Amino acid sequence: MSSQHPAYAAIYAVVRTIPPGKVSSYGRIAILAGFPGHARMVGYALHSLHTTHDVPWWRVINAHGYISNAYHRDEQRARLLAEGVAVDARDHVNLHEYGWEAMNFREA
DNA sequence: CATATGACCAAAC
DNA sequence: GGTTTGGCCATAT
C-alpha cells in the first residue's frame with residue numbers, strides 16, 4: 001500500500017469494518033481509528049484512495065447524514081442503493097435506520 | 001516557511 | 001432547512 005501517512009492505515013482498517021448496508025460518518029471513523037476530532041484527515045485519506053478499491057469509501061458520509069463527496073456523489077449514491085441503503089433525492093440517508101452501530105445508540 | 005484549499009464537525013445565528 | 005465561525009490537519013503552490 002502507498003499510504004502517505006501512518007494514520008491512513010488505521011483509517012482504512014476502520015472503514016473496512018463497516019458492514020454492508022450500513023453507513024458511518026467521517027468524525028466517527030476518526031474516533032474509532034484513534035484520532036478524535038480529526039475528521040478532516042479521514043476525508044483526506046479517503047480522497048487519497050483515488051482508484052485503490054480496497055476500502056468501501058462509499059459507506060462514509062458526513063455527520064448530517066448527507067453525501068459530502070462532490071466528485072463521486074453519483075457513484076456513491078448508486079453503490080449505497082445497491083447495498084439496500086435508502087438514499088434521498090437530496091443525497092440524504094436516514095442515520096436512525098442505516099447508521100452503523102458505532103454511531104447508533106438505540107437498537108433495542 | 002507562509003497561504004490557501006479541502007470527500008469534516010459542532011456550535012451559533 | 002440554510003449560512004457563518006472557529007477548530008482540526010494534510011497537500012499543493
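Source: prediction; values computed, not measured. So that the names make sense, note that chain A is the first sequence line, chain B the second, and so on, each numbered from 1.
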Measure from [atom1] on [X] to [atom2] on [N] and round the result to the nearest Å.
{"X": "A/Leu49", "N": "C/dA10", "atom1": "CG", "atom2": "P", "value": "17 Å"}
{"X": "A/Tyr66", "N": "C/dG2", "atom1": "OH", "atom2": "C1'", "value": "10 Å"}
{"X": "A/His38", "N": "C/dC8", "atom1": "NE2", "atom2": "C1'", "value": "6 Å"}
{"X": "A/His47", "N": "B/dT5", "atom1": "NE2", "atom2": "C1'", "value": "12 Å"}
{"X": "A/Tyr12", "N": "B/dA7", "atom1": "OH", "atom2": "P", "value": "14 Å"}
{"X": "A/Met41", "N": "C/dA10", "atom1": "CE", "atom2": "C1'", "value": "8 Å"}
{"X": "A/Asn69", "N": "B/dA7", "atom1": "CG", "atom2": "P", "value": "8 Å"}
{"X": "A/Asp91", "N": "B/dA7", "atom1": "CG", "atom2": "C1'", "value": "13 Å"}

For [X], which residues count as a side chain to side chain donor-acceptor pair (under 3.5 Å) partner, sequence neighbours excluded?
{"X": "A/Arg73", "answer": "none"}
{"X": "A/Glu83", "answer": "A/Trp58, A/Arg59"}
{"X": "A/Asn69", "answer": "none"}
{"X": "A/Asn94", "answer": "none"}

* ILVMFWY network linking A/Tyr66 to A/Val23, side-chain heavy atoms under 4.5 angstrom -> no
* Asked: If Ile, Leu, Val, Met, Phe, Trp and Tyr residues are connected whenever their side-chain heavy atoms lie under 4.5 Å apart, and connections chain through other members, are A/Leu95 and A/Tyr98 in the same group?
  -> yes
* To do: With sequence neighbours excluded, tell me which residues meet side chain to side chain contact (heavy atoms under 4.5 Å, CB included) with A/Asp88.
  => A/Arg90, A/His92
What pairs of nitrogen or oxygen atoms, one from the protein and one from nucleotides 9-13 of chain B, lie under 3.5 Å apart?
residue, atom, partner, partner atom, Å
B/dC9, OP1, A/Gly27, N, 3.4
B/dC9, OP1, A/Ala63, N, 3.1
B/dC9, OP2, A/Ala63, N, 3.1

* Between C/dG1, B/dG6, B/dA7, which one does the side chain of A/Arg90 approach most closely? -> C/dG1
* When the P atoms of C/dG7 and B/dA7 are considered, how many whole Å apart are they? -> 22 Å
* Would you say a side-chain N or O of A/Tyr8 is under 4.0 Å from OP1 or OP2 of C/dT11? -> yes
